[in-house]
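Notes to accompany the following structure.
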Amino acid sequence: MSLLGRFDPQLPREVWLLQVGGVVNSFGNGVVLPFLVIYLHDVRGFGLGTAGLAVAVASAAQLVAGVAVGPIIDRLGPRPTLAAGLVVQAVGYGLLPLVRHPWHAFALLAVEGAGAAGLFSG
């Protein structure tokens, strides 16, 4: 057996697709966050500190919501939880063009973070 063959866990195709999707989503979030700070600063006119704090709220919301997602997965299952997380995350990002005040950004990024918790915990 080759060296790489020893590391192959023999997982079903669906598991590989889910894992690849998670990696692509993580990469997408990592690419989006720096540009989100630039958007909030340059387009919406928020200070850099305020823009950075708004982006940090998304991570804090993901951490807090992650605690609540476990029991939801136990009740509803991972697939509906993951799907709901994707929808909630899309709503949080999709409404960002409507941001006019810093509290709008804080609220929408908290929604996005809660959706990300459902996505990554599911």
Side-chain angles (χ1 to χ4, degrees):
M1 178 181 284
S2 71
L3 181 62
L4 289 177
R6 294 181 194 165
F7 294 111
D8 186 8
Q10 301 296 320
L11 296 173
R13 183 174 188 267
E14 293 83 10
V15 174
W16 282 108
L17 287 174
L18 181 65
Q19 293 302 317
V20 168
V23 167
V24 170
N25 187 283
S26 294
F27 177 76
N29 283 336
V31 169
V32 164
L33 293 179
F35 291 106
L36 185 55
V37 171
I38 294 169
Y39 169 76
L40 292 173
H41 177 66
D42 287 348
V43 176
R44 295 297 170 206
F46 302 163
L48 282 174
T50 303
L53 190 58
V55 171
V57 163
S59 297
Q62 183 176 355
L63 182 66
V64 171
V67 174
V69 170
I72 293 171
I73 292 171
D74 291 340
R75 286 200 175 97
L76 302 177
R79 185 173 293 194
T81 305
L82 186 138
L86 281 171
V87 170
V88 171
Q89 193 177 26
V91 167
Y93 276 134
L95 294 176
L96 280 174
L98 303 177
V99 168
R100 298 292 180 258
H101 303 285
W103 71 269
H104 294 160
F106 283 89
L108 287 176
L109 289 171
V111 168
E112 184 278 325
L119 172 68
F120 290 115
S121 299

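Just so it is clear, the model here is predicted, and its values are computed rather than measured.
- When all heavy atoms are compared, the tightest approach of Ala110 to Ala61 is O-CB, 3.4 Å.
- Between atom CZ of residue Arg100 and atom CG of residue Leu98 there is a gap of 6.5 Å, rounded to the nearest 0.5 Å.
- Side-chain heavy atoms closer than 4.5 Å link hydrophobic residues (I, L, V, M, F, W, Y) into clusters, and following such links, even through other members, never connects Leu96 to Ile38.
- Hydrophobic cluster membership differs between Val88 and Val64, with clusters built from Ile, Leu, Val, Met, Phe, Trp and Tyr side chains linked at under 4.5 angstrom.
- Pairs passing the side-chain hydrogen bond (donor to acceptor under 3.5 Å, both in side chains) check and including a residue from residues 42-69, sequence neighbours excluded, read Tyr39-Arg44.
- Hydrophobic clustering (ILVMFWY, side-chain heavy atoms < 4.5 Å, transitive): Phe46 and Leu36 are in one cluster.
- Residue Ala54 comes nearest to Ala105 through the heavy atom pair CB-CB, 4.2 Å, listed as atom of the first residue, atom of the second, then distance.
- Of the possible donor and acceptor atoms, none in the side chain of His41 sits under 3.5 Å from a partner among the backbone N and O of Gly47.
- In this structure, CG in Leu53 is found 10.5 Å from CG in Leu109, a value given to the nearest 0.5 Å.
- The side-chain heavy atoms of Leu82 and Leu18, taken from C-beta on, include a pair separated by under 4.5 Å.
- Counting all heavy atoms, side chain and backbone alike, Pro34 lies closest to Val31 at CD-O, 3.4 Å.
- Leu95 is connected to Val37 through a chain of hydrophobic side-chain contacts under 4.5 Å among Ile, Leu, Val, Met, Phe, Trp and Tyr, so both are in one cluster.
- In the hydrophobic cluster analysis, where Ile, Leu, Val, Met, Phe, Trp and Tyr join through side-chain heavy atoms closer than 4.5 angstrom, Val43 is grouped together with Val32.
- Distance CG/Leu40 to CZ/Phe35: 13.5 Å, rounded to 0.5 Å.
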